[in-house]
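When reading the values below, keep in mind they use all heavy atoms of this one structure, side chains included, and skip hydrogens, waters and symmetry mates.
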Amino acid sequence: MANLNLSRLGKTYPGNVIAVSDVSAEIEHGEFIVLVGPSGCGKSTILRMIAGLETITTGDLHIGKRHVNGLEPGDRDIAMVFQNYALYPHMTVRKNMEYGLRNEGLPRSEIDTRIAEATRTLRLEDYLDRKPRQLSGGQRQRVAMGRAIVRDPAVFLFDEPLSNLDAKLRTQLRAELKSLHQRLGATFIYVTHDQVEAMSLAHRIIIMSQGRVEQIGTPMDLYHRPATRFVADFIGTPAMNMLNATLSRDQASATLADGTAIPLPAAISRPPGAALTLGLRPEHLVVGHAGPITLALRSVFTEHLGADTLLHACLGDSDTPVIMRLNAADAPAAGHMLTASATPDKMHVFDAVTGARIAT
């Protein structure tokens, strides 16, 4: 069983450069965990510490019942798939896939069986005698995954494996990865900066920012109950609309810069005048006076994305951006004034100073 326990992991480089600080997580056997966050947030460093490619400065890492801080990568029962494929260019697909197995001293019959199963799973049977330069990017990534699969590890680690592929191929391989995880039943830990990948693949997501964990939860937990403004802003396409406001005297409403009163989901135990950030998803705003929250908007431009139409607008005469999802027929011309509305139960309230979610 490949449970992982990350207990207050930290990584500090020479010069007191802190890459990861105080990261803790319990990962169950068979979970698909995605580490997501902007570039430089520490997610790949965590993956490399799990793999044994980076030493752990502070904290403890257990894989199963073993404390692995000091173990070599080859002794951790893990396999890693890299962004750049890391294939041997002078070897055929077959030789790339069997290389690690030969080094382990497995019998020829066992090697052949494992390669046959992996190539069938990944639809690589017709490419076994080709070299990497004769393959497309998607085929090379399948070979890299096949090389990991044949080792039959307890844990698979993926470091942005789809980032070099075009959008259509990324979508296709995301579906194949999801299916592969279901067939293998192994523990997958996957790093990406793409929140769409994270939302579509993960059982649970670990959102990172500046070397620390912002929130751990299911994709829908993070989408509907973000713990911080950072999470709310990062998860969701397009991003959540953020409006600066101050808490009104009655503590049950907030006031925007233009004087618009916004009813809150519930009264907030903060001093009147406290700085707040109010968040509304684009799909929760509708045209007209359909809810008690009303915003005066000025249309700027419209994006027609097939099934979706996005209206980019500004709040009143300000330059505060607001995005709405609309039916194409409802999209107003640029410069047109309109009223948008929402209900308070769809609103998220954050402390404007700390960024923390305020319970309502």
query: Between Ser179 and Arg183, do the side chains contain an N or O donor and an N or O acceptor separated by less than 3.5 Å?
result: yes
query: Hey, is the main chain of Leu71 close enough, under 3.5 Å, to the side chain of Arg76 for a donor-acceptor pair?
result: yes
message: Any side-chain to backbone donor/acceptor pair from Glu197 onto Asp194? Under 3.5 Å, distance only.
response: no
field: Polar side chain donor-acceptor pair, Asp258 to Thr260, under 3.5 angstrom
entry: yes
Whether over 12 other heavy atoms sit under 6.0 Å from Asp317 CG: no
task: Quick one: sort the Tyr88 and His90 rings into parallel, tilted or perpendicular, breaks at 30° and 60°.
output: perpendicular
- prompt: Checking side chain to side chain contact (heavy atoms under 4.5 Å, CB included) for the pair Leu295/Thr339: CA distance, chi angles, key distance, verdict?
  reply: CA-CA 6 Å; Leu295 302 174; Thr339 297; over 6 Å; no
message: If you apply the rule side chain to side chain contact (heavy atoms under 4.5 Å, CB included), what do you find for Leu222 with Gln215, and how did you get there?
response: CA-CA 8 Å; Leu222 270 55; Gln215 190 174 354; 4.0 Å; yes
message: Between Thr246 (side chain only) and Gly273 (backbone N and O only), is there a donor and an acceptor less than 3.5 Å apart?
response: no
- request: Identify the two heavy atoms, one from Pro73 and one from Gly52, that lie closest to each other, and give their separation to 0.1 Å.
  value: CG-O, 3.5 Å
- request: Quick one: pull up CD1 in Ile56 and CG in Leu61 and give me the separation to the nearest 0.5 Å.
  value: 4.5 Å
query: CD of Gln83 to CG of Leu162: how many Å apart, nearest 0.5 Å?
result: 10.0 Å
Any Ile207 side-chain heavy atom under 4.5 Å of Leu35 side chain: no
query: What closest approach, in Å, do Pro132 and Asn96 show between heavy atoms, and which atom pair accounts for it?
result: CG-ND2, 4.0 Å
- request: Kindly check if the number of other-residue, nucleotide or ligand heavy atoms within 6.0 Å of NZ (Lys95) is above 12?
  value: no
- prompt: Under the 3.5 angstrom rule, does the side chain of Thr57 hit a backbone N or O of Thr12 as a donor-acceptor pair?
  reply: yes
- prompt: Just by distance, with hydrogens left out, do Ser200 and Arg174 show a side-chain donor and acceptor under 3.5 Å apart?
  reply: yes
message: More than 12 heavy atoms of other residues, nucleotides or ligands under 6.0 Å from CG of Asp345: yes or no?
response: yes
field: Lys/Arg N to Asp/Glu carboxylate O, Asp221 vs Arg225, below 4.0 Å
entry: yes
message: I'd like to know whether CD of Gln210 has more than 12 heavy-atom contacts from other residues, nucleotides or ligands below 6.0 angstrom.
response: no
message: Can you confirm whether the side chains of Asn69 and His67 place a donor and an acceptor under 3.5 Å from each other?
response: yes
field: Tyr127 versus Gln139, side-chain donor and acceptor atoms under 3.5 Å
entry: yes
query: With a 3.5 Å cut-off and no angle check, do the side chains of Tyr190 and Glu160 form a donor-acceptor pair?
result: no
- prompt: Going through the distances and angles, do Val23 and Met208 end up as a side chain to side chain contact (heavy atoms under 4.5 Å, CB included)?
  reply: CA-CA 9 Å; Val23 169; Met208 301 286 301; 4.1 Å; yes
message: Run the ring-ring contact (aromatic ring centres under 6.0 Å, His included) test against His304 and tell me which residues pass, sequence neighbours left out.
response: none
- request: For Asp77 and Pro153, indicate whether the former's side chain and the latter's backbone hold a donor-acceptor pair under 3.5 Å.
  value: no
Pair Asp351 + Arg357: basic N to acidic O under 4.0 Å: no
- request: Enter the distance from Gln182:CD to Leu177:CG here, rounded to the nearest 0.5 Å.
  value: 11.0 Å
field: Distance (rounded to the nearest 0.5 Å) between Ile235 CD1 and Met220 CE
entry: 9.0 Å
- prompt: What are the two closest non-hydrogen atoms of Ser341 and Gly291, and how far apart are they?
  reply: OG-N, 3.3 Å
- prompt: When you check the side-chain N and O atoms of Ser44 and Asp159, is any donor under 3.5 Å from an acceptor?
  reply: yes
task: Without swapping roles, check the side chain of Asn5 against the backbone of His62 for a donor-acceptor pair under 3.5 Å.
output: no
message: Is the terminal nitrogen or CZ of Lys11 (NZ for Lys, CZ for Arg) located under 6.0 angstrom from the six-membered ring centre of Tyr13 and within 45° of that ring's axis?
response: yes
task: Please name the pair of heavy atoms, one in Val150 and one in Arg147, separated by the smallest distance, quoted to 0.1 Å.
output: CG2-O, 3.2 Å
message: To the closest 0.5 Å, what do you measure between CG (Leu47) and CZ (Phe82)?
response: 8.5 Å
message: Looking at His181 and Gly30, would you say the former's side chain and the latter's main chain have a donor-acceptor pair under 3.5 Å?
response: yes
task: Look at the side chain of Thr171 and the backbone N and O of Ala167, then say whether any donor-acceptor pair between them is shorter than 3.5 Å.
output: yes
query: With a 4.0 Å cut-off, would you call Arg94 and Glu98 a salt bridge?
result: no
- prompt: Would you find more than 12 non-hydrogen atoms of other residues, nucleotides or ligands less than 6.0 Å from Arg102 atom CZ?
  reply: yes
message: Ignoring hydrogens, what is the shortest heavy-atom contact between Val36 and Ile205? Give both atom names and the distance.
response: CG1-CG2, 3.4 Å
task: Please lay out, stage by stage, how Met91 and Lys131 fare under the test side chain to side chain contact (heavy atoms under 4.5 Å, CB included).
output: CA-CA 6 Å; Met91 292 184 182; Lys131 292 184 177 178; over 6 Å; no
message: Holding to salt bridge (Lys or Arg N to Asp or Glu O under 4.0 Å), I want the full list of residues that pass it with Arg204, two or more places apart in sequence or in another chain.
response: Glu31
message: Distance check, rounded to the nearest 0.5 Å: Leu310 atom CG versus Leu326 atom CG?
response: 8.0 Å
- prompt: Which residue pairs satisfy the salt bridge (Lys or Arg N to Asp or Glu O under 4.0 Å) criterion with at least one member in residues 282-304, sequence neighbours excluded?
  reply: Glu283-Arg325
- prompt: Would Glu104 and Arg151 pass as an ion pair if we require N to O under 4.0 Å?
  reply: yes
query: Has the side chain of Arg142 got a donor or acceptor atom that lies under 3.5 Å from a matching backbone atom of Thr119?
result: no
task: Please check if atom CZ in Arg249 has more than 12 non-hydrogen atoms from other residues, nucleotides or ligands closer than 6.0 Å.
output: no
field: Intermediate values then yes/no, side-chain hydrogen bond (donor to acceptor under 3.5 Å, both in side chains), Asp250 and Ser248
entry: CA-CA 5 Å; Asp250 62 6; Ser248 301; 4.6 Å; no
- prompt: Quick check: does any side chain N or O of Thr192 sit under 3.5 Å from a backbone N or O of Ala198, one acting as donor and the other as acceptor?
  reply: no
field: Check against side-chain hydrogen bond (donor to acceptor under 3.5 Å, both in side chains), Thr92 and Asp129
entry: CA-CA 5 Å; Thr92 63; Asp129 296 321; 5.3 Å; no
task: Please test Thr228 against Glu214 for side-chain hydrogen bond (donor to acceptor under 3.5 Å, both in side chains), starting from the C-alpha separation and ending with a verdict.
output: CA-CA 7 Å; Thr228 65; Glu214 285 279 328; 2.8 Å; yes
- prompt: Quick one: do Asp166 and Arg170 make a salt bridge, cutoff under 4.0 Å?
  reply: no
message: Do Met324 and Tyr223 sit in one hydrophobic cluster, given that two such residues count as connected whenever their side-chain heavy atoms are within less than 4.5 Å of each other, even indirectly?
response: no
- request: Would you kindly confirm whether Leu128 and Leu106 end up in one hydrophobic cluster when ILVMFWY residues are joined by side chain heavy atoms under 4.5 Å apart?
  value: yes
For the student: nearest non-hydrogen atoms of Ala148 and Val81, plus distance: CB-CG2, 3.9 Å
